[in-house]
> 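After the C-alpha cells below, expect a handful of questions from me.
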2 protein chains.
Amino acid sequence: MARDENRSRSATDRVGTICRALRRAIIEQALEPGAKLPEDALGERFGVSRTIARHALGQLAAEGLVELRRNRIAVVATPSWQEARDTFDIRIELERLVVRQLAGRLSKAQIAQLHAHVDAEDEARNGPDAISIRLATEFHILLASMTESPILIRYVSEIAYRCCLTLSLFSRPHSSECAINEHRLLIDALANGDADTVMSLMHHHLDSVASRALVAQSKPRGRDIMDILAPYADLPRPMQAASRDAAPAGSKAGAGKAAG
Amino acid sequence: MARDENRSRSATDRVGTICRALRRAIIEQALEPGAKLPEDALGERFGVSRTIARHALGQLAAEGLVELRRNRIAVVATPSWQEARDTFDIRIELERLVVRQLAGRLSKAQIAQLHAHVDAEDEARNGPDAISIRLATEFHILLASMTESPILIRYVSEIAYRCCLTLSLFSRPHSSECAINEHRLLIDALANGDADTVMSLMHHHLDSVASRALVAQSKPRGRDIMDILAPYADLPRPMQAASRDAAPAGSKAGAGKAAG
DNA sequence: GGCATCACGTTTGCATGCACTTTTGCCATG
DNA sequence: CATGGCAAAAGTGCATGCAAACGTGATGCC
C-alpha cells in the first residue's frame, strides 16, 4: 500500500538515490563495464560518507550490476557471454509470464501509456544508442510494472537492467531498429487479448534481441584485462599471429563469485 | 588462476556468514515472519559490530527475506497471500527452465547426489516440519546449482527461499508427504531425458505444492498485527461499541503518530 | 476514567577514525 | 639491464560515537 512509499521516496533515502543514479549511469554506458567505483569518489560526488556509498554498492552488487571483490575497488559488472545468454533465457520466461498476466487486461489508459513510451523510443531512435537501449529496457519494465506484482516487477527490472548492461557490452551499433516495431506489435497483441499470441510474440522479440546482440560471441569489450588478453596469452609464438581471435569463451570461466 | 577464489569463502566473509545463518533460521522458522531483528542483537550474537549486521540485513532485504523500514527495527518478511501466489508463479517458470536445461544432461554422479538428497528428505519426514521444508527447498536449489548458471542459481535460490518462507506462513502441518515422491519422479524423468516431460512434471509438482499451501487463502499466521486484526476490526459492534472509529483496514500508517 | 502530552530509553542513520590489504613506484642486487 | 623486494600511497573493512527518530511508560488535564 501507500503507507510505506513515503519513507523510501521522499524521505532522505540517500542510498536509493545513489543506486538509481548509478543504475542509470551504468545502463546508459556513462559507466562502462569494468569502470571503477571507489567508495570515496562516490561519497564525495553524492555528498555522503563512504558508509552510504558502500551500502549503495552493496545493493547494486546484489542486483548484479556491480562486482564487489574484497579489498578491491568495486567495478561495474562485465557479464560473460555465457552469463548474458543465461540472463536472456531467464528474461524470456519472466516476460512471457508478464504478458500472460497482462493479455486482455490492460485499461485504455495503460495502452495509451505504452504507446506513448514507444513514441518516445521512436523519437530517440536517432539519438545516442545508449538512450535507445535504456528506453527499450524501460518499456519492458513499464510492462512489468503493470502486473502490479512487486516481485515480478523487481525481477524483471533487475534482469532487464542486466540485459541492458550486456547489450552495451556485446551489441553492435544499431540493433534496436526493428525492436521498436516489435514493441508496437506487442502492445496490439496485448490489447487484443490472446495470451498465447502475445507470449510467443514476446518470446520471439526477446529472442531476436538476444540473437542480434549475442551473435557469434563477439569480443567483450571493456572486459577484465585477464580475459581480454586471454586469447593473446597462449599464442605459441608471436609469429603465426592472431587469425584466431574468436576468443575462447570461458577461459577463466566459472568466474567464481556466485550468490552471496 | 585461483587468485581470488579463496577470498570470499574461507576468508573473513562475515556478512555472508550472518546472511546464511539468518536465511537458515528464517526458513526453518526459528525466526517467524514478523520477528524483530535489531542490529545490536545480531551484532552481539555474531560477534560483530552493527555495521556488519546492518549490511547483512541489507542483503537479506534485497532477497526479500527481511523487511527494512526506515528508523525501525528490521523484521522477517511476511509475504501476503498474493505475493505468495506471484512468487510461486515465477518459481514455476524459473524451475521449468532449470529442468529444461538439465534434462538428459546429468551425470551419474549428479543423479546419485540428487537421490541421496531425497533420501535425506525421506529420513527427515517424521522430524520437525521446518526441516522437511528446508530440505525440500534445498532439493530445488541443488537442482538449480547443477545448471552452473550463476544467475539462474541465484534467482532460483532466492525465489525458493521466499516460497519456503511463504510455506511456513500459510501451509498446514503436513503437506510435504507426496512432494518427496514427486522429487523422485523428477529425477527419473531428468535421467530419462525428455525435456517436455520433466518440465511438465516440475510444473505440476510446484503447482501442487503451491495449491496445497495456498488453498483458500488461509489465515496468515504471524502476520502484522494490523492485518491479523483486520477481519475483527469491522465487526459491527459485537455488543456495544467502544468507539465508532473501529480501525479501518489500512490505517496503520496514521494510527501511531499523526492524528493530523 | 479517558485522552493528549511529554520525557526517557531504545534503536537506527550516518560520519569518522584506524587497521589492514592491495597497488605502485623505487631501489638494491645479481 | 632485468629482477626481486620494500615502502609509501591508495582504498577497503570494520568499529565506534553521536545525533535524530521511534516506542513506551509516566504525567497532567478534562
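Reminder, nothing fancy here: chain letters follow the sequence lines and each chain counts from 1.
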> So which of B:V66, B:T78, B:T166, B:L65 actually passes side chain to side chain contact (heavy atoms under 4.5 Å, CB included) with B:P33?
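For B:P33, the side chain to side chain contact (heavy atoms under 4.5 Å, CB included) test succeeds with only one of B:V66, B:T78, B:T166, B:L65, which is B:T78.
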> Tell me the closest heavy-atom pair linking A:L68 and A:A74, and the distance in Å.
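The answer is CD1-CB, 3.4 Å.
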> Could you list the residues that satisfy side chain to side chain donor-acceptor pair (under 3.5 Å) with A:Y161, not counting sequence neighbours?
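Residues passing side chain to side chain donor-acceptor pair (under 3.5 Å) with A:Y161: none at all.
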> Please tell me if the side chains of A:T147 and A:L97 come closer than 4.5 Å, counting only heavy atoms from C-beta onward.
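The answer is no; the side chains never approach within 4.5 Å.
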> Walk along nucleotides 7-12 of chain D from 5' to 3' and tag each nucleotide B, S or - by protein heavy-atom contact under 4.0 Å, base first, then sugar-phosphate.
----SB
> Taking for each residue the nucleotide of DNA chain C bearing the nearest heavy atom, is the 5' side occupied by B:T51 or by A:K36?
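Comparing both residues, the 5'-ward one is B:T51.
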> Could you work out, with salt bridge (charged side-chain N to carboxylate O under 4.0 Å, His left out) as the rule, every residue matching B:E93, not counting sequence neighbours?
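B:E93: salt bridge (charged side-chain N to carboxylate O under 4.0 Å, His left out) contacts with A:R100.
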> Kindly list each side-chain donor-acceptor pair under 3.5 angstrom involving residues 40-49 of chain B, sequence neighbours excluded, with atom names and distances?
from	atom 1	to	atom 2	distance (Å)
B:S49	OG	B:T51	N	3.1
B:S49	OG	B:T51	OG1	3.3

> Could you list where the contact with chain A starts and ends along DNA chain C, reading 5' to 3', using a 4.0 Å heavy-atom cut-off?
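So the outermost contacting nucleotides come out as C:dC14 to C:dT23.
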> Could you tell me how the ring of B:H117 sits relative to the ring of B:F139: parallel (under 30°), tilted (30 to 60°) or perpendicular (over 60°)?
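The arrangement is tilted - the two ring planes meet at 30° to 60°.
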> Excluding sequence neighbours, so at least two apart, what forms salt bridge (charged side-chain N to carboxylate O under 4.0 Å, His left out) with B:R24?
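For B:R24 the salt bridge (charged side-chain N to carboxylate O under 4.0 Å, His left out) partners, ignoring immediate neighbours, are B:E28.
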